[in-house]
Trainee: 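One structure is given below, represented as structure tokens, and several questions about it will come after.
Every number for a ligand or one of its atoms is a count from 1 in the order of the listing. Bear in mind the structure is a predicted one, so any value in this text is a computation, not a measurement.
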Amino acid sequence: MTSLHLHAPTFEHHQQPFGIGEPAPRLSWTVTSDVPGWRQQAYEIELSDGTATGRVESGESLLVPWPGTGLRSRERRGARVRVYGADGSASDWSPWSWAEAGLLDPAEWRAGAAGPPLDLLGVPDGPALLLRREFVLRGRVERARLYVTAHGTYEVELNGRVVGDDVLAPGWSSYGHRLRYRTHDVTDLLREGGNAIGATLADGWYRGRIGFMGGKTDIYGDRTALIAQLEITYADGTIDTVVTDGAWRCATGPVTGASLYDGEKHDARLLRRGWSEPGFDDTAWLPADLLRHDPARLVAPTGPPVRRVETLSPVEVLTGPSGETIVDFGQNISGRLRIRVQGPAGHTVTLRHAEVLEGGALAVRPLRDAAALDQYTLRGDAGPEEWEPRFTMHGFRYAQVDDWPGELDPADVQAVVCHTDMRPVGAFDCSDPLLNRLHDNVAWSMRGNFVDLPTDCPQRDERLGWTGDIQVFAPTAAFLYDCTGPLASWLADLAAEQAELGTVPPYVPWVSLLFPPAPAAAWGDAAVIVPWVLYQRSGDLGLLRAQYPSMAAWVDQVAGLTGGNHLWDEGFQFGDWLDPAAPPDDPGKARTDHALVATAYHAWTARIVADTAALLGRSSDAEHYTALATEVREAFRREFVTPSGRLACDTQTAYALAVCLDLLDGPEQRERAGRRLVQLVAADDHRIGTGFVGTPLVCDALCSVGAYDTAYALLMQRNCPSWLYPVTMGATTIWERWDSMLPDGTVNPGEMTSFNHYALGAVADFLHRTVAGLAPAAPGYRELLVRPWPGGGLTRASAALETPFGRAEAGWERAGGRLELRVVVPPNTTATVHLPSAPSRPIAVGSGEHVFTCAFRDPADDPGPADRAAIMEI
Ligand code: BGC
């Protein structure tokens, strides 16, 4: 008895297709089938309005065009699918999935922007203010939707209950171009008769302080405001709309200070009990000001919001050198504390945060100009009081709790982990606990830095969407979490800012701090590489189509900067940022020539744009960029490569770039370059010698020239600098610097030292693709490449991924000179499997579970010739 089971279809990249902005959302579905090699022959889609495609002969199951008329604003429509296999099988109809559109036309926004009057508005990062109004329902409510966003960060309440579970809504986007609103189903929060809606509004990214070196305030404006439209549909079909307008009233509340960097102050004595419920007396409140806003900027989100994703309990309570109480949560996170405290009215508890301890005390120097300090002043009327700040965020593992009334019970302090609520999709495991911890640290650094946008760090006065960081980390990110939706939003911001500024700024959203937005290689190249990586991993060609003007404009700009010789050798560069040899106070002082890095990237991104143009059917563009890529590659070789394959820069990064980006001429140059790279790594005692640019490539470069054992020696190295050194130092996230903490336990003296930066964790993609052996061979993992390369003394390794077609796995285990490889291929896909035995012949397989065995011996167990490539070829 075989079974063919179809999961409910999904819409675009939405996890919850509610209030979506796409009128014709593409549909995807996955199948489970126990028939080996199952292929889809045809599909049938039915929409809840009766639209039916009939049988469509197609194997496509990923991002299939919406078959019906476009959704109208507010419209909810269902979709279901059934499929037919090439083997004659037929599924039942899938369950229905439902999508509801948000407001698709700016003209449908009747809400103004209601802002606190100037008399109440404090200095930036001052008090969070309350806004409210009441309304009366006319009859039985059929459905109610709240469309809401703000200039600032907000939390909305209806009749005393918080609406939704978003944290720091509306998140940070390039507000000047795109401000995301959320749609909430609030039907159940309404009641007969009198109702009240209220919002707490803080400055957030809109008006609060953002950026390093003192930062900036009032970046998007000096007046915060709520933009809310509550639409109530009665059972009789009539509609009432309550919008933000001059009828709202405003007052101060218990939050007396709220800063993303500095923390939150909450005086519970100032709580206005019942303020978001009907019947509250707001006559002493001031009328809100009606401010201007442009509804054309309002867009629906393409990814999930930031939420409270997990709660951690203390693992230990420590006493610091001055007798202070320090709570250790055992894990470096982005989030904040939740406390339960009982004590006298007016008593204030102070909470400080830090990622690491130095000399047993909180190490706050890495926070630079972010106070990361929360204060709660007790109401003191009977019973324990619970509190969690709502308008700030910290990066921390340790919290110092000062002035706690009485004895601190660890159960009364929890750490609430907050980040973009992405679906975890990828996993890795192996026989080495340190490598597993490294992988966990990478995942935690992704979590800590996907706080709405892909940021550099969650703790200090920065937290910016640095383009270079996500450029190198994107392949790893796309494996660990379903982040296509969130990154698509960030890329839309990038394109909008690029169009305005004439270049891709080094971080997005751009905030003008000390320097103008200058183009820089590997950072600006994110405009091309991030969409390309997302296309490879998600199969979404539409994303490439949307980003194409931005991708091409970037390459055109760089081509212009290089002048006639195609070498990008002038102007500012970050280069191989944080080369381990760079001094603590000069992280850009890398051993690899900036011009080599920049020209290599130019050749790479020109080629990607050529490939993209070809995919999009833009043949003359494809020709143009292909020619450009070829010319840049030639220019690179002329300038930086000797005829025999030595590079002008004798560094790990230079060779990694030349090998991985196909910048060498023929097998001889490659072979020579490969040998030199092996020598360089050996000369560094198998310690890492790369910064942001070389790190994601160096192990791949070594493997691609057959130097697997050198790659493993680098990977398994524990001495500083290496990937595992921080793990041996107790790291729970990826550090910004190879030596953010020095071997003696002191914090690196560089003023830019974070313990939660994902860039150097980009090696995780190598763990997935090569150590475990699970890689995409066609966009969206429509074809898999399973080519594990065991080594490093590991006795097993495995990776699993929820691909767009279903679950894929690759895992090997070895003992007694034999290796067993287990592969799971999702339905409707194929895999090419390479066994790590000589001679290795590729094996083509279809969906299902496959187990292979072969002879295998790891030279790490049996030291012999330096590199196994030699052994394999015997
Ligand atoms: C950030 C980086 C970023 C770099 C570039 C740092 O302050 O934290 O991750 O890419 O600056 O200058």
Trainee: Could you tell me whether the side chains of Tyr175 and Asp493 share a donor-acceptor contact shorter than 3.5 Å?
Mentor: no
Trainee: Could you tell me if Thr690 and Thr695 have a donor-acceptor pair between their side chains, going purely by distance under 3.5 Å?
Mentor: yes
Trainee: Using the six-membered ring wherever Trp is involved, compare the ring planes of Phe574 and Trp577 and label them parallel, tilted or perpendicular (cut-offs 30° and 60°).
Mentor: perpendicular
Trainee: Counting only heavy atoms and a distance below 4.0 Å, can you name the residues contacting ligand 1?
Mentor: Asp456, Arg460, Glu462, Trp466, Asp469, Trp523, Phe574, Trp577, Phe692, Glu736, Met752, His757
Trainee: Check the side chains of Asp765 and Thr476 for a donor-acceptor pair under 3.5 angstrom, ignoring hydrogens and angles.
Mentor: no
Trainee: State whether the number of non-hydrogen atoms from other residues, nucleotides or ligands found under 6.0 Å of Arg718 atom CZ is greater than 12.
Mentor: no
Trainee: Under the side-chain hydrogen bond (donor to acceptor under 3.5 Å, both in side chains) rule, what pairs show up with a residue in residues 505-527, not counting sequence neighbours?
Mentor: Asp525-Trp554, Asp525-Thr605
